[in-house]
Amino acid sequence: KFELLDISWFTACMAAGKPVESEKKHQLIVKASSFVAGTVSQYACQRRTTLNNYNKKFTDAFDILAENYEFRENEVSSLAFMRATSVMKCLPFTVVRMKDLEGLPCMGVRSNLLLYVQEIIEEGESSRVKDVLTDERYQSFKLFISVFGVGLKTSEKWYRMGFRTLEEVRADKTLKLSRMQKPGFLHYEDLVSCVSKGEADAVSLIVNNTVRTFLPDALVTITGGFRRGKKIGHDVDFLITSPGLQEEEEILHKVIDLWEKQGLLLYYDLVPSTFEQAKLPSRKVDAFDHFQKCFLILKLHQQRVDTSSSSTLKESDKAEVKDWKAIRVDLVVSPFEQYAYALLGWTGSRSSNLNNMIFLKAKSEEEIFAHLGLDYIDPWERNA
Ligand code: DCT
Ligand code: MG
């Protein structure tokens, strides 16, 4: 109780801009952090995680270690580091001493995780992370998976074949690239450069206009990272539904056909719904992944921003200037009754997501949390 009083007094002082004596302030910060640590849920879906990360130094290191374990197929360790990252991202303070971690979930007493934290606190960086960053296998895998359509299996294969750069992969004409990997290489530069909020808005306009041509009362919502307040993303995710949605399968076909005719389609993969009516009424379906969806690469024409430089170009060069960017877009269609579930699932983040959902009637995300007896967490607090 004392602690709670102290902390609220301290917070009030801070809010009012009142000076707090430095020794007192230090003590209170220690108390505040241990108080906060004790309240952190072990469930990511119940932690309020904004994009304001006070522990980037630690989480960046953990992300690299987690990824390295993933590349080496050590899923247990990879998951442990991903969980630790997720927990540290929700802390409203920077960890400066080991004591700050006391009472936090997922900070693995058994594992070597705490040693890394200690080293980062003391040295400012982790020697293990530095080693990983210069590791040949890590570097090659990191590079290979940055190509759209390339996962761990292909990376492993290319690595074993002795490839270390994308140029080497490109140069080998005996390699058979998949239907995804071909556009992956063709539009590599565009796809690795992140999608900005401005570009996402431009895509949003196109998606909205096209979908409404066929479904005037459609609800088109941007989901994924952009709905959580991110300013950049690797793609733009959309959820489409409509109260009168009858022929659910139709809408994506129509949209794709039109974009194809307009020359906007660089790649698409239509995945039918895997929601089996036979499973009703238990309705226990594997998370959110059963809706009909389409993964695509869209040609986004851009307004030329810098007109002064383009006007100095010779006429012959002007034709060379590429005035579009390839953008990864995901479209998901859900039945109207399941819109709230689809929205929750496709907003993410992956770590924040609830698993093994049973579909009860819910009109909104708030209702889903309430059904589950959980506190409601806003989209911008789901960046676990
Ligand atoms: N999702 C999920 N499980 C999957 C696929 C997707 O939970 N197998 C959810 C989580 C986020 C959302 O769908 C969109 O996926 P991404 O675009 O991969 O994630 P993001 O958070 O939007 O990240 P980015 O900003 O990089 O696009
Ligand atoms: Mg996304």
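Basis for what follows: all heavy atoms, side chains included, without hydrogens, waters or symmetry-related copies. Counting starts at 1 for both ligands and their atoms, following the listed order.
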When you check the gap from the basic side-chain N to the acidic O, do [X] and [Y] get nearer than 4.0 Å?
{"X": "Lys322", "Y": "Glu189", "result": "no"}
{"X": "Lys197", "Y": "Asp201", "result": "yes"}
{"X": "Lys99", "Y": "Glu102", "result": "yes"}

Sequence neighbours excluded, the answer for salt bridge (Lys or Arg N to Asp or Glu O under 4.0 Å) partners of Lys182 is none
Crowding at CZ, Arg83 (>12 non-hydrogen neighbours, <6.0 Å):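 Result for CZ/Arg83: open.
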For Lys230, counting its heavy atoms only, list the atoms of ligand 1 lying under 4.0 Å from any of them.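 Every atom of ligand 1 under 4.0 Å from some heavy atom of Lys230: 23 (O), 24 (P), 25 (O), 26 (O).
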For Gly233, take its heavy atoms, then give the atoms of ligand 1 lying under 4.0 Å from any of them. 25 (O)
[X] to ligand 1: N or O pair under 3.5 Å?
{"X": "Thr347", "answer": "no"}
{"X": "Arg228", "answer": "yes"}
{"X": "Gly224", "answer": "no"}

In terms of ring plane angle, is the pair Tyr69 and Phe81 parallel, tilted or perpendicular, where the classes change at 30° and 60°?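 Parallel.
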Are the aromatic ring centres of Phe93 and Tyr54 under 6.0 angstrom apart? no
Is the Phe148-Tyr267 ring centre distance short of 6.0 angstrom?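 Close enough - the centres of the two rings lie under 6.0 Å apart.
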Using heavy-atom distances, let me know which of Gly225, Gly345, Ser349 sits nearest atom 20 (P) of ligand 1.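 When every heavy atom of Gly225, Gly345, Ser349 is considered, Gly225 comes closest to atom 20 (P) of ligand 1.
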For Ser193 and Lys325, which I'm curious about, is there any donor-acceptor pair between the side chains at under 3.5 Å?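 Short answer, yes.
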Proximity of Asp235 to ligand 1 by residue part, where a heavy atom lies under 4.0 Å: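 Both of them.
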Sort by chain and number the protein N/O/S atoms found under 2.8 Å from the Mg ion (ligand 2).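 Protein N/O/S atoms under 2.8 Å of the Mg ion (ligand 2): Asp235 OD1, Asp237 OD2.
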